[in-house]
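One structure below.
Quick caveat: nothing in here was measured; it's all calculated off a predicted structure. Each chain gets a letter, A, B and so on, in the order its sequence line appears, and its residues count up from 1.
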2 protein chains.
Amino acid sequence: MSTAFDLDAFLPYRLSVTSNLVSRLFARRYAEEFGLTIAEWRVIAVLGADGTATASAVRARTGMDKAKVSRAVAGLEARGLIRHVAHRGDRRLDPLALSAAGRRILDAIVPRARALEAELFATLPPGTREALEDALHAIARRATVMGAGPGDGPD
Amino acid sequence: MSTAFDLDAFLPYRLSVTSNLVSRLFARRYAEEFGLTIAEWRVIAVLGADGTATASAVRARTGMDKAKVSRAVAGLEARGLIRHVAHRGDRRLDPLALSAAGRRILDAIVPRARALEAELFATLPPGTREALEDALHAIARRATVMGAGPGDGPD
DNA sequence: GGAAGATGGTTTCAAGTGAAACCAATGTCA
DNA sequence: TGACATTGGTTTCACTTGAAACCATCTTCC
């Protein structure tokens, strides 16, 4: 006779299932309404918040893989949504910023994203959002300490 | 001037980042210690809890893709960790159960998984785990209502 | 100055993924 | 009975992914 184990109450599992569900939902909306992938939307959001950022700044901020950022940037550039900011000095760096078109897209997405998020919490007990956010931050920090770092290795 | 938008406080984003971090952490441990993928471990957990289950029962319980379950089952079978339960009647069904070796692995993993989960919450404010679990359940239900269902289409 | 190494970013490659096509067995309804 | 749809499960295919290899630039230190 084995130890009873309830997968449903196992947190890494619940976290993954819920996250995948939500990601799928949002990915579909972003794709339908704006033709953007999640990675691309993240890059736009970071550039919108920070004004200017290099690929590795985006990586540091979002935890996305190097290659993933590179591909998202290529996609956005192909559609003219970002521009390269001239940078005298270190020529390895390639600081990016939103183009006018990029900023227009950002301005269009932000309210939609907020509305979707609000809809997601509409029927839930008040305080859920805040509690969840705190818990997630704490967990993420802890997981990092425990050695989950994306790109553990060098480079 | 655009609306300020704080990606860090955007829940779908935080959820995804945290979930990926945790998944990576656990995936690494399962792989190192038991040579299992997360999908395989989930199948084992379901079979452990339910005794017997068909592939689509596993799919219904875990939300995993049809193909993913099929591949996980193939992997487990190749290693002799599950067995097919004879089923007179509907010959499309292929009920599965843990083999003796499979049960031994389950018995070995469960305490490790629990310990890892406990370690993840060790330094967090008490109540975090329960609050998080409730919130995640509620969000998952809500996302499903909003149309995030895996395998929306027929079949 | 110039090795040796670090850093930013792109590309390649093998593996994993989900959607759809597919196969086999049942169910349904005339 | 026999079309026709349904269901359980596997396989194929095109696409995505992350790790590692790579290229270019810059830094360090002799």
Side-chain angles (χ1 to χ4, degrees), chain A residues 16-17 19-21 23-25 27-28 30-31 36-43 46 52-78 82 84-85 87-96 148-155, chain B residues 16-17 19-21 23-25 27-28 30-31 35-43 46 52-78 82 84-96 148-155:
Chain A
S16 167
V17 169
S19 172
N20 289 342
L21 234 39
S23 283
R24 240 194 303 273
L25 178 63
R28 183 148 34 194
Y30 292 146
L36 291 177
T37 66
I38 289 199
E40 287 168 347
W41 148 239
R42 285 182 185 173
V43 171
V46 169
T52 245
T54 62
S56 43
V58 173
R59 178 185 184 284
R61 213 122 139 39
T62 62
M64 284 196 289
D65 187 80
K66 222 177 171 186
K68 206 168 183 175
V69 174
S70 178
R71 292 188 265 247
V73 165
L76 292 172
E77 190 180 9
I82 59 181
H84 297 262
V85 177
H87 178 86
R88 315 174 305 297
D90 194 330
R91 267 177 312 180
R92 290 168 306 181
L93 270 52
D94 182 15
L96 305 164
D152 248 354
D155 201 354
Chain B
S16 167
V17 169
S19 172
N20 289 341
L21 233 39
S23 282
R24 241 193 302 273
L25 177 64
R28 184 150 30 193
Y30 293 146
L36 292 176
T37 66
I38 288 198
E40 288 168 346
W41 148 238
R42 284 183 184 173
V43 172
V46 170
T52 246
T54 64
S56 44
V58 173
R59 176 185 184 286
R61 212 120 141 39
T62 61
M64 284 196 288
D65 187 80
K66 224 177 169 185
K68 206 168 183 176
V69 174
S70 178
R71 293 188 263 247
V73 165
L76 292 172
E77 189 179 8
I82 58 181
H84 297 264
V85 176
H87 180 85
R88 314 173 305 297
D90 194 330
R91 266 176 314 179
R92 289 168 305 182
L93 270 53
D94 183 14
L96 305 164
D152 249 354
D155 199 9

Please state how far atom CZ in A:Arg92 lies from atom C1' in D:dT25, giving the value in whole angstrom units. 5 Å
Does A:Leu21 reach the side chain of A:Arg24, with side-chain heavy atoms less than 4.5 Å apart? yes
Under a 4.0 Å heavy-atom criterion, the protein footprint on nucleotides 11-18 of chain D, written with B, S and -, is BB----BB
Please check: side-chain N/O of A:Thr54 versus main-chain N/O of A:Ala57, any donor-acceptor pairing under 3.5 Å? yes
Under 4.0 Å between a side-chain N/O of A:Ser56 and OP1 or OP2 of C:dT7, yes or no? no
Rounded to the nearest 0.5 Å, what separation is found between the NE2 atom of B:His87 and the OG1 atom of B:Thr52? 10.5 Å
Over how many whole Å does the gap from A:Leu76 atom CG to C:dT10 atom P extend? 12 Å
For B:His87 and C:dA25, give me the distance from atom NE2 to atom C1', rounded to whole Å. 12 Å
Looking at every non-hydrogen atom in both residues, tell me the closest pair between B:Ile38 and B:Ser23 and how far apart they are. CD1-O, 3.8 Å
From CG of A:Asp94 across to P of C:dT7 the rounded distance in Å is 19 Å
Can you check the A:His84 NE2 to C:dT10 C1' distance for me, whole Å? 12 Å
Rounding to an integer number of Å, can you tell me how far A:Asp90 CG sits from D:dT27 C1'? 10 Å
Whole angstroms only, please: what is the CG-C1' distance between A:Leu93 and D:dT25? 10 Å
Does the side chain of B:Arg91 get closer than 4.0 angstrom to OP1 or OP2 of C:dT26 through an N or O atom? yes
Is any side-chain heavy atom of A:Arg61 closer than 4.5 Å to a side-chain heavy atom of A:Arg42? no
OG of B:Ser70 to CZ of B:Arg59, rounded to nearest 0.5 Å, is 12.5 Å
Rounded to whole Å, how long is the line connecting atom CE of A:Met64 with atom C1' of D:dA19? 17 Å
